[in-house]
Amino acid sequence: QVQLAESGGGLVQAGGSLRLSCAASGSSFTNYAMGWFRQAPGREREFVGVISWSGESTYYVDSVKGRFTITRDNVKNTVYLQMNSLKPEDTSLYYCAASLLLMPRTVYDYEYWGQGTQVTVSS
């Protein structure tokens, strides 16, 4: 069992930055690849990116490449999503998730989810 708790969301102007955190507790954090997803009202949950258990590999959806960066601290059991050059279309509820798979990219591949943190980008 893994418990995940996101934090760091808020309201930011377009072009600004936010850093989201996801703190994990429970089972061994380093067993899991960690993903970030987002969901806007009326839309399906969308994959944003993933980081491998070691932190050596990352993958991002095209719409955030070059703007978002995922890192992890396996001592603090925390994964981060640094978001720069934010756009109004980045407005969503952001979730972190944990998976035993290598570099999963769909919601069905993740076993554990946080409760989400809201990010709102004003124009």
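Just so you know, these numbers come straight off a predicted model, no measurement behind them.
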Worksheet item: Between Glu6 and Leu20, is any pair of side-chain heavy atoms under 4.5 Å apart?
Response: no
Practice prompt. Look up atom CE in Met34 and atom OG in Ser99, then write down how far apart they are to the nearest 0.5 Å.
Written response: 9.5 Å
Worksheet entry | Shared hydrophobic cluster, Tyr94 / Tyr112 (ILVMFWY, side-chain heavy atoms < 4.5 Å) | yes
Worksheet, complete the sentence: Rounded to the nearest 0.5 Å, the SG atom of Cys22 sits from the CZ atom of Phe29 at a distance of 7.0 Å
Worksheet item: Is there side-chain contact between Ile70 and Val79, with heavy atoms separated by less than 4.5 Å?
Response: yes
Item to complete: Could you walk me through whether Arg38 and Leu81 pass the side-chain contact (heavy atoms from CB on, under 4.5 Å) test, one step at a time?
Response: CA-CA 12 Å; Arg38 62 188 181 185; Leu81 178 65; over 6 Å; no
Discussion item. Quick one, Asn77 and Ser25 - any side-chain contact, counting heavy atoms below 4.5 Å?
Written reply: no
Discussion item. Under a 4.0 Å threshold between the charged nitrogen and the carboxylate oxygen, would Asp62 count as salt-bridged to Lys65?
Written reply: yes
Worksheet item: With a 4.5 Å heavy-atom cut-off, do Thr91 and Gln118 have their side chains touching?
Response: yes
Discussion item. Is there a side-chain contact (heavy atoms from CB on, under 4.5 Å) between Val61 and Phe68? Walk through the geometry before answering.
Written reply: CA-CA 10 Å; Val61 68; Phe68 290 12; over 6 Å; no
Practice prompt. Any chance you could lay out the side-chain contact (heavy atoms from CB on, under 4.5 Å) test for Tyr95 and Gln39, step after step, and finish with the verdict?
Written response: CA-CA 8 Å; Tyr95 298 90; Gln39 188 168 20; 4.1 Å; yes
Discussion item. How about CD on Gln115, more than 12 heavy atoms from neighbouring residues, nucleotides or ligands closer than 6.0 Å, or not?
Written reply: yes
Fill in: Short side-chain to backbone donor-acceptor contact, Asp109 and Leu102, under 3.5 Å
no
Worksheet item: Do Ser63 and Glu46 come close enough that some side-chain heavy atom pair is under 4.5 Å?
Response: yes
Worksheet item: Would you say Met83 and Asp90 make side-chain contact, with heavy atoms under 4.5 Å?
Response: no
Worksheet item: What do the steps show when you test Trp113 against Phe37 for ring pair (Phe, Tyr, Trp, His ring centres under 6.0 Å), and what is the final call?
Response: CA-CA 10 Å; Trp113 294 83; Phe37 290 77; 4.9 Å; yes
Item to complete: Identify the heavy atoms of Tyr110 and Ala97 that sit nearest to each other, and give their distance.
Response: CD2-CB, 3.4 Å
Discussion item. Return the CD to OG distance between Gln13 and Ser123, rounded to the nearest 0.5 Å.
Written reply: 9.5 Å
Item to complete: Answer yes if Trp36 and Val121 sit in the same cluster of Ile, Leu, Val, Met, Phe, Trp and Tyr residues linked by side chain heavy atoms under 4.5 Å apart, and no otherwise.
Response: yes
Worksheet item: Taking C-beta and beyond as the side chain, do Asp73 and Tyr80 meet within less than 4.5 Å on heavy atoms?
Response: yes
Discussion item. Does atom CG (Leu101) have a neighbourhood of more than 12 heavy atoms from anything else shown, all under 6.0 Å?
Written reply: yes
Worksheet item: Side-chain contact, heavy-atom cut-off 4.5 Å: Asn84 with Ser17?
Response: yes
